[in-house]
**Student:** 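After the structure tokens below, expect a handful of questions from me.
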Amino acid sequence: MEEKAKAEEKKIGMTETWLRKHRLLYDGATRHPLILSIRDGTINIASFKTWLAQDYLFVRAFVPFSASVLIKAWKESDESGDVEVILGGVASLEDEISWFKREANKWGISLSDVVPQQANINYCRLLEKLMSPEVEYTVAITAFWAIEAVYQESFAHCIEEGSKTPAELKETCMRWGNEGFGQYCQSLQKIADRRLQKASDDELKKAEVMLLSVLEHEVEFWNMSRGNV
Ligand SMILES: Cc1ncc(CNC=O)c(N)n1
């Protein structure tokens with residue numbers, strides 16, 4: 001397969017090869033107007049609140065999905081290190097959910113009244129499909145990495161030097177933009193690359209299609225906040 005050869009020749013992973021190939025879509029997910037408006041300080045707070053409330057619901061659905069990836073790693077992985085890395089991600093979700101509750105309180109959002117919007121319903125449906133035992137570990141870990149990496153790249157951009165992110169949003173950006181989360185995403189990427197290197201052409205195709213699907217869902221997820229602009 002051509003891309004496989006490309007990745008091998010350049011000594012870069014399959015995921016990096018795909019990100020280069022699908023750069024426009026990846027930038028669409030990681031440099032969305034909502035993110036750019038946080039970074040330049042022009043963010044409409046109603047948009048931020050919409051995102052926060054919807055993301056709380058998403059993260060609740062992300063918990064069982066993460067657990068399903070953990071189970072697949074335990075069953076299928078040839079390397080025990082995978083389970084530890086994924087377990088770290090699963091374990092941090094409890095704190096994340098508490099943070100969403102505190103943050104919602106701060107902004108006067110009643111989380112029990114939040115109604116999921118269509119883009120959120122669609123994304124959670126994708127997570128549910130990914131939880132199926134029929135979905136291979138390689139495909140699931142590729143999706144897992146992509147979901148985390150989009151948030152990492154997006155929010156890291158908001159705390160880079162020269163950004164004008166409002167003080168009250170800095171904590172949100174630090175949550176996913178911090179270096180520790182960046183390291184964690186790199187560990188996930190390494191796992192995905194290792195699995196993709198050994199995958200069949202059929203599995204590779206499925207993983208690439210899944211990556212594109214995740215990126216499209218991320219763009220639609222950010223787009224939800226536009227209803228308030
Ligand atoms: C829509 C979306 N994508 C990725 C993440 C990051 N993962 C867990 O927090 C998230 N919170 N929300």
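In each ligand, atom 1 is the first atom listed, and ligand 1 is the first ligand listed.
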**Student:** Under 4.0 Å from a heavy atom of W176: which atoms of ligand 1 are those, numbered in the order shown and with their elements?
**Tutor:**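 Taking each heavy atom of W176 in turn, ligand 1 has 6 (C), 8 (C), 9 (O), 11 (N) under 4.0 Å.
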**Student:** Quick one: look up the protein heavy atom nearest atom 10 (C) of ligand 1 and list residue, atom name and how far away it is.
**Tutor:**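 Residue, atom and distance for the closest contact: Y151 CE2, 3.2 Å.
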**Student:** Under the criterion salt bridge (charged side-chain N to carboxylate O under 4.0 Å, His left out), I'd like the reasoning laid out for K205 against D201: C-alpha separation, chi angles, the key distance, then a yes or no.
**Tutor:** CA-CA 6 Å; K205 195 71 236 166; D201 285 355; over 6 Å; no
**Student:** Should the proximity of V150 to ligand 1, defined as any heavy atom under 4.0 Å, be assigned to the side chain, the backbone, both, or neither?
**Tutor:** neither
**Student:** Do W107 and I45 touch side chain to side chain, with heavy atoms closer than 4.5 Å?
**Tutor:**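 Heavy-atom side-chain distance check passes, below 4.5 Å.
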**Student:** Any side-chain to backbone donor/acceptor pair from D193 onto M14? Under 3.5 Å, distance only.
**Tutor:**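 Yes, the answer is positive, given that a donor and an acceptor are paired below the 3.5 Å cut-off.
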**Student:** For K75, does the NZ atom sit with more than 12 other heavy atoms under 6.0 Å from it, leaving out its own atoms?
**Tutor:** no
**Student:** Going by the order shown, which atoms of ligand 1 are within less than 4.0 Å of some heavy atom of I147?
**Tutor:**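 This gives 3 (N), 4 (C) as the contact atoms.
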**Student:** Do Y123 and E218 get their side chains close enough for a donor-acceptor pair, meaning under 3.5 Å?
**Tutor:** yes
**Student:** Using a cut-off of 6.0 Å, state whether more than 12 heavy atoms not belonging to K164 lie near its atom NZ.
**Tutor:**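 No, because the 6.0 Å sphere around NZ of K164 holds 12 heavy atoms or fewer from other groups.
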**Student:** Among all the protein's non-hydrogen atoms, which is closest to atom 6 (C) of ligand 1, and how far away is it?
**Tutor:**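 Atom 6 (C) of ligand 1 sits closest to the protein heavy atom E148 OE1, 3.3 Å.
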**Student:** For ligand 1, which part of D55 has a heavy atom less than 4.0 Å away: the side chain, the backbone, both, or neither?
**Tutor:**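 Near ligand 1, D55 shows its side chain, while the N, CA, C and O stay back.
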**Student:** Looking only at protein heavy atoms, which one is nearest to atom 9 (O) of ligand 1, and what is the separation?
**Tutor:**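 Closest protein heavy atom to atom 9 (O) of ligand 1: E96 OE2, 2.4 Å.
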**Student:** Atoms of ligand 1 less than 4.0 Å from F62 heavy atoms?
**Tutor:**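 Numbered from 1, ligand 1 contributes 7 (N), 8 (C).
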**Student:** I want to know if ligand 1 touches E218 in the polar sense, i.e. an N/O pair below 3.5 angstrom.
**Tutor:** yes
**Student:** In terms of relative ring orientation, are Y151 and W222 parallel, tilted or perpendicular, with 30° and 60° separating the classes?
**Tutor:** parallel
**Student:** Within ligand 1, which atoms have a heavy atom of V59 less than 4.0 Å away?
**Tutor:** 9 (O), 11 (N)
